[in-house]
Amino acid sequence: CSTCQQRLFLFIRREGIRQYGKCVHDCPPGYFGVRGQEVNRCKKCGATCENCFSQDFCIRCKRRFYLHKGKCLPTCPLGTVAHQNTRECQEECELGPWGNWSPCTHNGK
């Protein structure tokens, strides 16, 4: 395929020097959909991103990277800690004694 129906996305897969076009409802993992005037296309996520919403917003990072506010980083920023199961950077939170539910506070915020 080189064009698709208006609601579909054109996904171009490369094998060596050959290209294969396929019309898909949703772009595969590692790609995101971009709507255009003539054709909707699947574009590749950034190099460190496994799954993304757009070129600038990652949903899941590749191995060895941590997700923080849509970006894939080699380490979590100060004030955050890496959650090993999800590989996401989360705000550090000091645990207090058990009691009724209350808002979490960190550095007075």
Legend entry - Nearest-0.5 Å distance, NZ of residue Lys43 to SG of residue Cys27: 11.5 Å
Legend entry - Glu91 side, atom CD; Cys76 side, atom SG - distance, nearest 0.5 Å: 10.5 Å
Legend entry - Interatomic spacing from CG in Asn40 to CZ in Arg35 - rounded to 0.5 Å: 5.0 Å
Inset, instruction - Output the distance between atom SG (Cys45) and atom NZ (Lys62), rounded to the nearest 0.5 Å. - result: 8.5 Å
Legend entry - Residues in salt bridge (Lys or Arg N to Asp or Glu O under 4.0 Å) contact with Arg87, at least two apart in sequence or another chain: none
Inset, instruction - Identify, with sequence neighbours excluded, every residue that meets ring-ring contact (aromatic ring centres under 6.0 Å, His included) alongside Tyr31. - result: Phe11
Legend entry - Qualifying salt bridge (Lys or Arg N to Asp or Glu O under 4.0 Å) pairs with a residue from residues 52-61, counting only residues at least two apart or across chains: Glu50-Arg60
Legend entry - NE2-SG distance between His25 and Cys4, expressed to the nearest 0.5 angstrom: 10.5 Å
Inset, instruction - Linking directly or through intermediates, with side-chain heavy atoms under 4.5 Å: list the remaining ILVMFWY members grouped with Tyr66, chain and number order. - result: none
Inset, instruction - Please state whether the sulfur gamma atoms of Cys49 and Cys58 sit closer than 2.5 Å to each other. - result: yes
Inset, instruction - Determine which pairs satisfy side-chain hydrogen bond (donor to acceptor under 3.5 Å, both in side chains) with at least one residue from residues 2-24, sequence neighbours left out, and list them in order. - result: Gln5-Arg7, Arg13-Glu15, Arg14-Gln19
Inset, instruction - Using the rule that two of Ile, Leu, Val, Met, Phe, Trp, Tyr join whenever any of their side-chain heavy atoms come within less than 4.5 Å, decide whether Val39 and Ile12 are in one cluster. - result: yes
Legend entry - Residues in side-chain hydrogen bond (donor to acceptor under 3.5 Å, both in side chains) contact with Thr86, at least two apart in sequence or another chain: His83
Legend entry - Ile59 backbone acceptor or donor facing Asn51 side chain under 3.5 Å: no
Inset, instruction - Taking the side chain as every heavy atom from C-beta outward, state whether Cys61 and Leu67 have any pair of such atoms under 4.5 Å apart. - result: yes
Legend entry - Nearest-0.5 Å distance, CZ of residue Phe32 to NZ of residue Lys44: 11.0 Å
Legend entry - Contact check, side chains of Gln90 and Thr80, non-hydrogen atoms, under 4.5 Å: no
